[in-house]
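Notes for the one structure printed next.
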Amino acid sequence: QVQLVESGGGLVQAGGSLRLSCKASGSIASINTMGWYRQAPGKQRELVADITSNGSANYADSVKGRFTISIDNAKNTVVLQMNSAKPEDTAVYYCNAHLRQWANLRSWSHYWGQGTQVTVSS
């Protein structure tokens with residue numbers, strides 16, 4: 001069993017900062033990537049940022065220069081630092097991990113957190 005638990009969502013004013021954290025737990029053999037996606041009402045889920053276990057990060061154009069993603073491999077934790085928040089960043093943010101478990105080292109799968117609400121007021 002693998003669980004992803006997110007924390008840090010909430011309400012922030014435009015221009016403010018918020019820090020999202022996600023910890024993966026369970027019988028995890030290795031993690032390939034961890035990342036954050038978001039889904040606003042009436043819109044499709046979209047990638048915000050992801051990062052490989054060796055620290056290579058990828059960002060959506062809309063958040064480049066404002067958000068920073070980092071990973072702690074020892075703790076199986078990924079953090080999204082959101083700065084200069086905008087009202088259009090308002091969404092439910094989901095953590096994702098691409099990993100394999102000890103029970104089946106040949107199979108890599110994606111796992112999702114339950115989501116955390118981020119609201120940016122103007």
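The closest side-chain heavy-atom distance from Ser25 to Asn76 is not below 4.5 Å. By the 4.5 Å heavy-atom criterion applied to side chains, Phe67 and Val48 are counted as neighbours. Two residues are said to be in side-chain contact when any heavy atoms from C-beta on lie closer than 4.5 Å; Leu11 and Ser121 meet this criterion.
In this structure, Val79 and Ser21 approach most closely via the heavy-atom pair CG2-OG, 4.1 Å. Residues Lys23 and Lys75 approach most closely at NZ-O, 2.8 Å, considering heavy atoms. Nearest heavy atoms, Cys22 versus Met34: O-CE, 4.1 Å. Residues Val118 and Gly9 come closest through the heavy atom pair CG2-CA, 4.2 Å. The shortest non-hydrogen separation linking Gln39 to Lys43 is NE2-O, 3.1 Å.
Heavy atoms of other residues, nucleotides or ligands lying less than 6.0 angstrom from CD of Gln13 number 12 at most. Other residues, nucleotides and ligands contribute only 12 or fewer heavy atoms inside 6.0 Å of the CD atom of Gln3.
When atom types are taken as modelled, the side chain of Gln81 and the backbone of Ile69 share no donor-acceptor pair closer than 3.5 angstrom. Between the Ser107 side chain and the Asn104 main chain, no donor and acceptor come within less than 3.5 Å of each other. Of the possible donor and acceptor atoms, one in the side chain of Thr90 sits under 3.5 Å from a partner among the backbone N and O of Val120.
If you check the side chains of Asn83 and Ser17, you find a donor sitting under 3.5 Å from an acceptor. In the model, Ser56 has no side-chain atom that pairs as donor or acceptor with a side-chain atom of Asn54 under 3.5 Å. In this structure, a donor-acceptor pair under 3.5 Å is absent between the side chains of Ser84 and Arg66.
In this structure, Arg38 is not positioned above the aromatic face of Tyr94 in the sense of NZ or CZ being under 6.0 Å from the six-membered ring centre and within 45° of the axis.
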Pair Lys86, Asp89 - check salt bridge (charged side-chain N to carboxylate O under 4.0 Å, His left out), show working. CA-CA 5 Å; Lys86 300 178 180 180; Asp89 294 324; over 6 Å; no

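The structure places CG of Leu4 at 10.0 Å from OH of Tyr111, a figure rounded to the nearest 0.5 Å. Here Trp36 contributes atom CH2 and Ile51 contributes atom CD1; the two are 13.0 Å apart, rounded to the nearest 0.5 Å. Considering CG of Asn96 and CG of Leu47, their distance stands at 9.0 Å, rounded to 0.5 Å. Note that CG of Leu105 is 7.5 Å distant from OG of Ser30, once rounded to the nearest 0.5 Å.
Using the six-membered ring where Trp is involved, Trp108 and His98 have ring planes that are tilted, between 30° and 60° apart.
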